[in-house]
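Okay, so here's the structure we're looking at.
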Amino acid sequence: MAEVKVTMEVGNDGVAIITISNPPVNALALPILAGLKEKYTEAMRRDDVKAIVLTGKGGRFSGGFDINVFQTVHKTGDRSRLPDVSVDLVCNTIEDAKKPSVAAVEGLALGGGLELAMGCHARIAAPKAQLGLPELTLGVMPGFGGTQRLPRLLGLSKAVEMMLLSKPIMSEEGKKLGLIDDVVSSEELLKVARKWALAIAERRKPWIRSLYRTDKLGSLSEARDILKMARQQAKQTAPNMPQHQACLDVIEEGIIHGGYNGVLKEAEDFKELVLSDTSKGLVHVFFAQRTTSKIPNVTDIGLKPRPIKKVAVIGGGLMGSGIATALILSNIYVVLKEINSEYLLKGIKAIEANVQGLITRKKLAKDKGEKSLTMLKGVLDYSEFKDVDMVIEAVIENVSLKQTIFREIEKACPAHCILASNTSTIDLNIVGEKTSSQDRIVGAHFFSPAHVMPLLEIVRTEKTSAQVILDLMTVGKTIKKVPVVVGNCTGFAVNRTFFPYNQGAHILVHLGVDVFRIDELISNFGLPMGPFQLQDLAGYGVAMAVGKQFATAFPDRTFQSPLVDLLIKNGRNGKNNGKGYYLYEKGSKPQPDFSVLPIIEESRRLTKIMPGGKPLSVTDQEIVEMILFPVVNEACRVLDEGVVVRASDLDVASVLGMSFPSYRGGIVFWADLVGANHIYTSLKKWSEVYGNFYKPSRFLEERATKGIPLSAPASTSSASRSRL
Ligand SMILES: C[C@H](O)CC(=O)SCCNC(=O)CCNC(=O)[C@H](O)C(C)(C)COP(=O)(O)OP(=O)(O)OC[C@H]1O[C@@H](n2cnc3c(N)ncnc32)[C@H](O)[C@@H]1OP(=O)(O)O
């Protein structure tokens with residue numbers, strides 16, 4: 001294991017090079033921070049040191065404070081584990097030192113890394129180094145003086161934007177804006193930084209302590225206007241998170257009472273935020289997302305991913321065209337197959353529109369978009385399949401059609417070719433039943449729109465080979481998805497876990513609760529929209545088809561709601577025809593359509609589930625719980641059956657596949673914060689009144705009664721059995 005250390009080398013020119021070494025990102029772990037203090041103290045003491053260059057080993061300056069320390073604080077609740085870096089190291093030891101420091105930045109300087117660099121008296125960077133303060137994405141704010149120094153170096157407006165949006169800039173832009181003093185090649189970086197440091201020591205260049213600058217802050221009233229606007233924006237974009245407003249308060253403190261007072265308030269408020277539930281959730285998701293790439297018996301057995309250069313996509317509909325778009329955007333050659341030239345042309349046009357949409361939204365450079373389209377070829381037969389490395393079938397959900405296709409591609413493709421299906425509901429064992437290539441068959445379940453949504457569920461059967469899983473994981477990462485490996489069951493991990501989400505909402509409506517109240521409460525909870533608006537958006541056909549699949553798979557806990565059928569009969573088709581629970585008009589936000597209420601009444605009359613015929617009287621909190629606790633209950637079954645490798649994979653999948661709020665840490669993490677016992681007792685109570693849909697699962701019952709967190713590994717619970 002590489003050593004975690006800080007080294008110092010003093011050259012004949014009197015410049016000490018202090019180097020941070022903690023691969024892979026030079027995170028500022030506690031020993032690194034102690035090492036920096038030690039080396040700086042030594043550099044100040046030594047007469048042969050005139051100036052200092054601070055840098056990072058291995059082409060990266062630093063990825064910031066060690067996020068593992070946050071996790072330790074979250075587990076122990078002990079904030080004293082957070083070191084005093086801001087005042088002791090950055091202000092007193094680096095910025096106020098009697099010898100100047102220059103940061104030599106390569107690769108990236110993020111969070112605490114950039115904050116150290118800003119404590120230096122100048123910054124020289126290599127081209128394309130990434131500079132940013134992404135702390136808000138971890139539920140905290142910059143805590144090593146960044147809230148004060150960034151506005152003083154860049155101007156308030158840009159600094160606020162970078163912090164609130166956690167948006168990094170490149171060194172070239174940094175130079176234009178004043179954050180970086182010079183951009184030089186990697187080879188020259190240390191040489192130029194040394195000279196710069198000496199020039200400061202000899203007063204040939206200015207000795208600037210950025211905390212004390214005010215020239216870029218503008219007038220107090222201008223600053224107040226910028227902060228006011230930022231506060232309003234943050235209220236809308238991050239309503240349930242405390243760190244945005246806290247960060248703006250701290251910036252304001254520094255503007256009114258001076259940078260040093262800002263630093264003091266920052267240090268205090270930073271520690272408060274570390275213990276917030278928001279930070280717990282976001283830090284959990286940070287690590288959980290990286291853990292998804294560790295699959296026992298796949299990624300730890302010495303296999304190497306095989307190159308996937310050419311992929312065939314079968315079906316140019318919504319999913320197929322989205323998948324093909326994602327592939328070509330990452331320079332993977334795609335053969336798109338359709339059954340006739342009309343459908344093929346439609347598919348190609350859809351891909352072109354996807355690419356154009358990204359260009360229009362400035363998510364993709366025009367030349368890159370145009371180049372990606374040259375990676376696409378449309379075909380009507382299998383002749384191009386002879387040298388493909390992978391096929392992704394994305395045709396309609398029809399078992400016999402899929403079986404035929406798999407039999408055909410088994411013949412048309414080379415023996416190494418991965419045979420993947422994008423099915424979201426059909427058992428993969430059945431899809432591949434008529435082939436003798438079960439080890440090459442795997443699910444590649446994308447979420448719509450596939451070129452935008454970040455999750456890729458990789459569905460393995462008992463026979464899928466480790467090599468195939470590894471290859472698909474690698475392709476997933478290449479096309480910038482987060483692959484989560486799951487087992488083969490109806491709905492896989494995400495749709496299976498969230499099937500009670502819709503069901504719960506429909507039960508509540510039939511118990512007399514208002515649809516729009518439900519939607520509002522769920523979006524206040526943090527999902528992008530409520531279940532009824534989502535149904536409008538996804539289309540009622542999807543709701544009906546998926547509903548049937550789950551009703552067949554889990555008849556004991558399915559509520560047969562007649563509502564969608566009634567809506568269709570009344571000429572409503574959701575967003576598709578502009579009329580659903582909401583009214584959709586071009587250019588305006590969806591508006592609740594109260595003329596839907598008589599249809600809902602009719603549906604209630606048909607089901608007659610209100611106890612005593614009276615509408616249910618419930619609190620807002622109960623509504624959210626009656627929708628989300630059944631989801632937790634299903635998540636428990638998914639964990640119990642070993643559909644996911646670990647609970648945190650389901651957290652990541654829920655965040656990336658269902659847009660469950662990341663600041664709540666994902667579905668299982670959130671459930672553990674709420675408490676398994678409360679969830680269990682609530683479900684039990686409701687199941688006695690409203691039936692089986694709410695009945696707690698065996699896994700939930702056992703964990704709640706024994707006081708074991710739902711996220712604890714399977715071995716913790718005697719009830720658990722693994723399928724994977
Ligand atoms: C007081 C201060 O203001 C507070 C802070 O500084 S908070 C930290 C602020 N910094 C950040 O948020 C940056 C977080 N890191 C990242 O965004 C990305 O890791 C990166 C852009 C630096 C590198 O990305 P990439 O090359 O894709 O590598 P990635 O897989 O993410 O990370 C590599 C490993 O480094 C770890 N790592 C990355 N940044 C880390 C950090 N700041 N602390 C601890 N570990 C870190 C990852 O967990 C991962 O570990 P693993 O291999 O065991 O899973």
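Everything numeric in this text was worked out from a predicted model, so none of it was measured. Numbering of residues begins at 1 and proceeds along the displayed sequence. Each ligand, and each atom within it, is numbered from 1 in the order the structure gives.
For the pair Lys167 and Glu161, the salt-bridge criterion is met [side-chain N within less than 4.0 Å of a carboxylate O].
Using modelled atom types, one finds no donor on one side chain facing an acceptor on the other under 3.5 Å when comparing Asp249 with Gln245.
Ring centers of Tyr260 and Tyr212: at least 6.0 Å apart, outside the cut-off.
Not a single donor-acceptor pair under 3.5 Å links the side chain of Glu106 to the backbone N or O of Ala126.
Protein residues with a heavy atom under 4.0 Å from ligand 1 are Pro24, Val25, Ala27, Arg60, Gly63, Gly64, Phe65, Asp66, Ile67, Asn68, Phe70, Leu108, Leu110, Gly111, Gly112, Glu115, Pro134, Glu135, Leu138, Pro142, Gly143, Phe144, Phe270, Phe286, Phe287, Arg290, Lys294.
Looking only at side-chain heavy atoms (C-beta outward), Leu114 and Phe61 stay at 4.5 Å or farther from each other. Side-chain contact between Gln71 and Phe287 is present, with at least one heavy-atom pair separated by less than 4.5 Å.
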